[in-house]
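Report on the structure given below.
Chain naming here is simple, since letters A, B, ... match the order of the sequence lines and numbering starts at 1 in each.
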Amino acid sequence: MLKSLDQHLYVLSTLALALMIQQVVAVEWSTEPQAFPRVFGIGSGGILDEKFWLPMLTCAVTICALEVLYRRTLTGLAFLAIAEDNFAARALGLPERSLRMASYALAGMIGGLAGFSGGQLLLAFVANGPLLNFYGFVPVALGGLGNNRGAIVGGFALGLFQQAANFLVGGIFSSVAVFMLFIVVLLAAPRGLFGAHLARRV
Amino acid sequence: MAISSESAAGAMQEKSLAGIGSWVFAGPLILIFCLALLVPFITNDYWVLIATRAAIYWVLVGALNLVIGFAGQLAIGYVALLTLGAYTTSVLVAGNVSPPVPVFAALAIAGVAGAIFGVIVGLPALRLRTFYFAISTLGFATIITQIALAWQSVTGGGIGLPGPEMPAPFHTHAGFYFFCLAAAGLITWMTANIAYSRFGRGLIAVRDADVAAEATGIRKARLLMTIFVFTGASAAIAGGLFAALQTYITPDAFTFDLSVLFFISILIGGRGSILGPLIGTVILTLLPEFAAPLAAWSTFLYAVLLLVIVLVAPGGIAALLDFGNRRALQANRTIVPKAALVGHLLAMDKAKSGIALRGVVLSFLGVRAIDGVDLDVEAGKIHGLIGPNGSGKTTILNVISGFYGPEAGSIALGGQALKPGDSESRASQGIARTFQTPRIVGEASVLQNVMIGGTIQRPKHIRRIASLFAPASPRRTNAAIRSDDRIVRGRAGKSRGHSRGPAAT
């Protein structure tokens with residue numbers, strides 16, 4: 001299926017599938033927030049509660065695993081090659097299609113893991129979708145697309161900024177502040193704060 | 001030389017390329033409009049309401065079509081501007097922040113607010129590509145809804161507030177319907193004027209071949225921002241009308257499903273068409289009415305429709321209806337070069353000044369690609385630039401055509417310094433370039449591709465705003481550009497091929 005698609009059609013088919021899944025979830029399990037079961041049941045109450053340390057632990061493990069994958073294994077390098085220059089990568093005999101499939105599967109897995117570990121804190125709630133989409137994307141854009149370390153720094157910066165804005169100007173306007181920051185940073189540093197240099201286009 | 005082979009069919013096709021003013025293009029739109037005029041006379045109030053909704057959606061979708069269908073920007077969060085317009089109009093009419101404002105003044109203010117926020121939503125489009133821009137518009141949509149919920153003193157929070165009441169004669173169902181239909185007709189006319197003038201060709205060029213667009217003098221940022229202003233204003237006015245239709249608005253009325261409807265209407269309609277998205281809007285507005293038990297699944301249906309279109313007919317409804325371009329080309333076509341015309345063209349546009357490079361230096365990280373180049377290109381002579389691979393030939397061309405700004409040194413045309421790194425200004429100074437790999441607008445015909453070169457030939461009296469309302473001026477400009485092009489083709493109508501597919505880059 002993926003073979004015949006242009007770049008923009010890729011995006012659209014992804015969007016279509018996402019909407020379908022979202023709708024099925026909404027209709028099957030209602031749009032009300034649902035409680036999420038405890039996974040391990042270790043540490044109850046206080047700041048040592050599972051719902052706080054589990055997401056952090058998952059996040060740290062994911063970061064380390066991705067760093068190892070991209071820097072130490074041939075498969076990770078192959079992913080990078082496909083992303084960087086798909087024609088050159090194919091000329092070297094890399095199986096583009098299966099690598100793309102694998103990268104999608106990996107991204108899906110990490111997404112699922114994130115939902116699983118964050119579930120208890122955020123509740124299972126359909127309306128989380130757009131907000132998570134946006135807050136998941138902002139740090140990536142701020143840090144520089146395709147730059148894991150930049151995304152981590154961007155994520156921390158965004159979290160701190162948002163909480164500070166929450167404290168200073170109140171709940172409503174904190175998301176407005178985040179959006180303004182996002183636009184201002186993009187206009188000042190189009191490639192993100194740690195983004196790669198502009199590739200040769202001509 | 002085969003000069004007299006222009007057939008009647010060829011002439012017809014030639015005309016339809018001009019777009020506006022051609023019955024092939026305008027006929028179906030006028031037919032739909034006439035049918036829509038009949039709705040209140042042959043059906044009941046319920047269907048009039050549905051038709052009103054379709055007309056209001058089209059006010060938004062018609063304008064958004066320029067952003068998505070022509071400029072290729074995946075703006076999925078446009079419900080945000082609908083919300084903004086609906087709340088601005090309702091709040092102003094209700095007098096929550098100021099003395100109550102008359103409905104039409106409130107609509108106009110909403111339009112201005114929409115234009116401003118349209119630019120804010122659109123700004124990331126200059127930096128972000130495809131999916132990333134889509135997400136930033138989505139973020140804006142989320143935030144607008146949150147503000148509507150939280151700013152209770154003005155918006156009424158979750159309880160909402162009443163929509164504006166239209167004055168007579170637009171207070172009846174039919175009256176309001178005709179008002180919305182007039183707005184929809186106006187939007188169609190205005191977008192057609194943009195889409196089929198050099199602005200529309202410029203948008204398509206930005207979408208499909210942005211580097212080549214720069215080289216032909218299309219100013220991407222300015223063009224996109226103009227379109228975002230127009231779309232923002234239209235979307236906000238649609239929002240005001242939507243609030244009047246709903247009679248009472250709450251944040252729940254502006255779900256993401258609406259955004260999906262707008263977005264998918266355009267995609268199933270087909271990119272670069274006006275008729276297709278119009279049909280798409282009507283279909284998607286009607287769909288839940290015919291599938292009432294499936295109302296909860298409407299987004300699912302839209303998504304399935306989108307997936308089917310993407311996989312089966314990526315060109316959308318417009319491509320299915322585009323009978324003209326699917327006709328097989330005449331067999332044994334030959335392309336006969338006309339050497340005599342080259343001389344004619346060269347005589348028309350004689351180069352009067354040379355290009356001079358002095359001490360130009362440019363390096364990429366550790367590689368010094370050009371190191372103090374002095375070069376004189378003399379007027380009226382053909383020069384060759386030769387050298388081994390990696391010696392910096394292309395880099396020099398890129399510096400001259402403004403794609404790279406040199407670290408040191410200067411470039412001058414006829415003694416006047418050229419602004420370094422400003423590729424969009426070169427075409428108007430008379431510098432043209434080609435590329436190592438052809439950069440062609442794959443979805444446009446050969447003639448349209450050639451006409452993109454006419455972007456910089458703007459008559460002085462045409463301003464952007466004027467072109468919204470004056471179909472005559474784009475038509476005249478188009479005719480002028482086409483006749484230039486015909487000089488090249490010797491009025492033979494020989495090369496009127498539509499290059500779908502093979503020319504795509």
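B/E424 places a side-chain N or O within donor-acceptor distance of the main-chain N or O of B/K220, the cut-off being under 3.5 Å. Of the possible donor and acceptor atoms, one in the side chain of B/R426 sits under 3.5 Å from a partner among the backbone N and O of B/I400. B/S259 places a side-chain N or O within donor-acceptor distance of the main-chain N or O of B/Y78, the cut-off being under 3.5 Å.
Of the candidates B/L149, B/T145, B/I143, B/I143 is the only one forming a side chain to side chain contact (heavy atoms under 4.5 Å, CB included) with B/I147.
At a 4.5 Å heavy-atom cutoff, the contact between A/V24 and chain B is made by backbone and side-chain atoms alike. Neither the backbone nor the side chain of B/Y302 comes within contact range of chain A; no heavy atoms are under 4.5 Å apart. Using a 4.5 Å cut-off between heavy atoms, B/V304 contacts chain A through both its backbone and its side chain. Both the backbone and the side chain of B/S136 come within contact range of chain A, each with at least one heavy atom under 4.5 Å from a heavy atom of that chain. Using a 4.5 Å cut-off between heavy atoms, B/I120 contacts chain A through both its backbone and its side chain.
Between atom CZ of residue A/F116 and atom OG1 of residue A/T58 there is a gap of 9.5 Å, rounded to the nearest 0.5 Å.
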